[in-house]
Amino acid sequence: MITMNRMKSWGCCLRVFLFFVGLMDLSSAVHAGRVGVYCYMDGDGLDVASDANVRLRLAVTPAGDALLQVENLTDRLVYVDRGLSFAYTNSLYRTLFVPSSQTESHSYTHGVVEKTGKDWAWIDGETHGQSQTVWDQRVAAVPPHATATVFVWEHLARLLRPDMVDTGSTGSWTFRHKALGHFLTPSTATAYPAGGTGALGSKFRKNQVRHYASDATPLALRADVVYSFGDPRMGASAADSVGGRLQVATFLRAMAVDSYRGVSRDGVYRPGFFPKAMAGRLPSFAFRSGRSVGEVLTEAVAVAAPVVVIVAAQAAMHHEGDRPDWAKNW
């Protein structure tokens, strides 16, 4: 009787364990996967603008940020009024200046110590501290023949229009179908086949490509910058107040899905691993989508392990309860 109960208990535990193993295998086979999505920005020559005094440039970094840079071409100080200059993300805009501040704190301690044997003892002293608030400046001064970054669009992959591209989710393993993103619209550039490669709405798969037109793209960036030769905060003269206004723009021209190895874990594009050019241009930035099989298995085990332990404990308790009273003390 005892042997039969033990076999039933451990048989139940084994069935539960095999059940979760089956779920892990099914989940990894159907949903697991990780790809790299490579994004090609193109300004059609509008990502750089200049006059006799200033060169304005919109540059994308491998880390997936876009920098608005102002280069002073003169021998004088140039002042950029960030309160009258604008940055655009798709159809939304904001001024380059948003009032903000940060507090810097400093402290120091002085006093008297006394040595008693091998130890030092604190006798008397006091601690002083001070803090100051540093405000972000509305006006950015650019020295002669120097370059300054006056605005940053951070994490471009997060700025993609959600109605055109789903970058994917990092939900729990039981909802693995959300991890891999997918294209929600076909190509919009008429020079390429409608729809691009890869079925519409399907998950990201290697060799999928989308091409976009400048007026129908998942990401469009633009900037409108005002500058002068006098500090507007100091009541500059009429002559110094004369400056100029420049605009730059760029947009997401194409997206290609390929191996994730061209993107580091922290989302930095690695040209050495993925040097593929499209229309003569290398990718501007990239991001990973989905999860590896190892991550799926790790999450599944993390969920299954406590259940197996509980079932095993319950089986042991049932087994103990089935033992005769004279045997429980042995």
Side-chain angles (χ1 to χ4, degrees), residues 39-102 134-156 159 213-215 217 219-254 268-269 271 277-285:
C39 303
Y40 299 76
M41 302 291 288
D42 188 357
D44 277 342
L46 300 178
D47 50 345
V48 178
S50 62
D51 56 18
N53 306 313
V54 166
R55 179 178 292 116
L56 194 63
R57 182 184 299 105
L58 208 163
V60 179
T61 71
D65 301 329
L67 311 179
L68 179 59
Q69 299 177 323
V70 177
E71 181 182 359
N72 184 354
L73 304 176
T74 73
D75 295 325
R76 307 171 60 187
L77 278 173
V78 165
Y79 297 89
V80 176
D81 191 337
R82 298 167 63 200
L84 297 178
S85 302
F86 301 91
Y88 297 77
T89 305
N90 296 323
S91 59
L92 303 177
Y93 75 93
R94 51 158 289 181
T95 61
L96 303 189
F97 172 71
V98 175
S100 62
S101 65
Q102 60 181 6
V134 180
W135 292 87
D136 191 14
Q137 298 297 314
R138 167 176 172 166
V139 177
V142 186
H145 304 287
T147 301
T149 298
V150 296
F151 187 77
V152 179
W153 289 267
E154 296 181 343
H155 307 299
L156 296 182
L159 302 180
S214 59
D215 59 349
T217 175
L219 181 63
L221 306 178
R222 185 162 63 92
D224 186 344
V225 175
V226 173
Y227 73 90
S228 65
F229 290 103
D231 191 338
R233 299 167 298 183
M234 305 300 293
S237 64
D240 287 338
S241 297
V242 176
R245 186 171 200 154
L246 293 172
Q247 295 183 350
V248 288
T250 188
F251 70 97
L252 183 57
R253 168 76 77 180
V268 177
Y269 165 56
M278 185 179 297
R281 301 179 68 92
L282 288 173
S284 304
F285 68 97

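Counting heavy atoms from C-beta on, the side chains of Arg253 and Asp44 come closer than 4.5 Å. The closest side-chain heavy-atom distance from Thr95 to Arg82 is not below 4.5 Å. Contact check for Val70 versus Tyr227: no side-chain heavy atoms found under the 4.5 Å cut-off. Counting heavy atoms from C-beta on, the side chains of Leu84 and Arg138 come closer than 4.5 Å. At a threshold of 4.5 Å between non-hydrogen side-chain atoms, the residues Leu68 and Thr149 do not count as touching. Contact annotation: the side chain of Val60 never approaches that of Tyr269 to less than 4.5 Å [non-hydrogen atoms, C-beta and beyond].
With hydrogens and angles ignored, the 3.5 Å screen pairs a side-chain donor or acceptor of Asn72 with a backbone N or O of Pro143. Of the possible donor and acceptor atoms, none in the side chain of Asn90 sits under 3.5 Å from a partner among the backbone N and O of Leu92.
Separation of atoms CE (Met41) and CG (Leu156) is listed at 6.5 Å; rounding is to 0.5 Å. The CG atom of Leu246 lies 4.5 Å from the CG atom of Asp51; values are rounded to the nearest 0.5 Å. Considering CG of Leu159 and CG of Leu252, their distance stands at 11.5 Å, rounded to 0.5 Å. Going from atom OG1 of Thr250 over to atom CG of Asp42 covers 6.5 Å, rounded to the nearest 0.5 Å. Note that the CZ atom of Arg57 and the CG atom of Asp47 stand 9.5 Å from one another [nearest 0.5 Å]. Rounded to the nearest 0.5 Å, atoms CG (Leu58) and CH2 (Trp153) are 4.5 Å apart.
For Arg281, there are no side chain to side chain donor-acceptor pair (under 3.5 Å) partners, not counting sequence neighbours.
Of all heavy-atom pairs between Ser50 and Arg55, the closest is CB-CA, 3.8 Å. Gly230 and Tyr79 get closest at one heavy-atom pair: C-CD1, 3.5 Å. Closest of all the heavy-atom pairs between Ala52 and Thr74 is O-CG2, 4.3 Å. Scanning both residues, Pro144 and Arg76, for their nearest heavy atoms gives CG-O, 3.7 Å. Scanning both residues, Val142 and Ala148, for their nearest heavy atoms gives CG2-CB, 3.9 Å. Closest non-hydrogen pair, Leu221 versus Ala66, comes out as CD1-CB, 3.7 Å.
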Test Asn53 against Phe229 for side-chain contact (heavy atoms from CB on, under 4.5 Å), laying out the working first.
CA-CA 10 Å; Asn53 306 313; Phe229 290 103; 3.5 Å; yes

Derivation and outcome, side-chain contact (heavy atoms from CB on, under 4.5 Å), residues Val54 and Leu73:
CA-CA 5 Å; Val54 166; Leu73 304 176; 5.7 Å; no

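Ring planes of Phe86 and Tyr88: tilted class, angle from 30 to 60°.
With no hydrogens or angles considered, no side-chain donor-acceptor pair links Tyr93 and Asp224 at under 3.5 Å.
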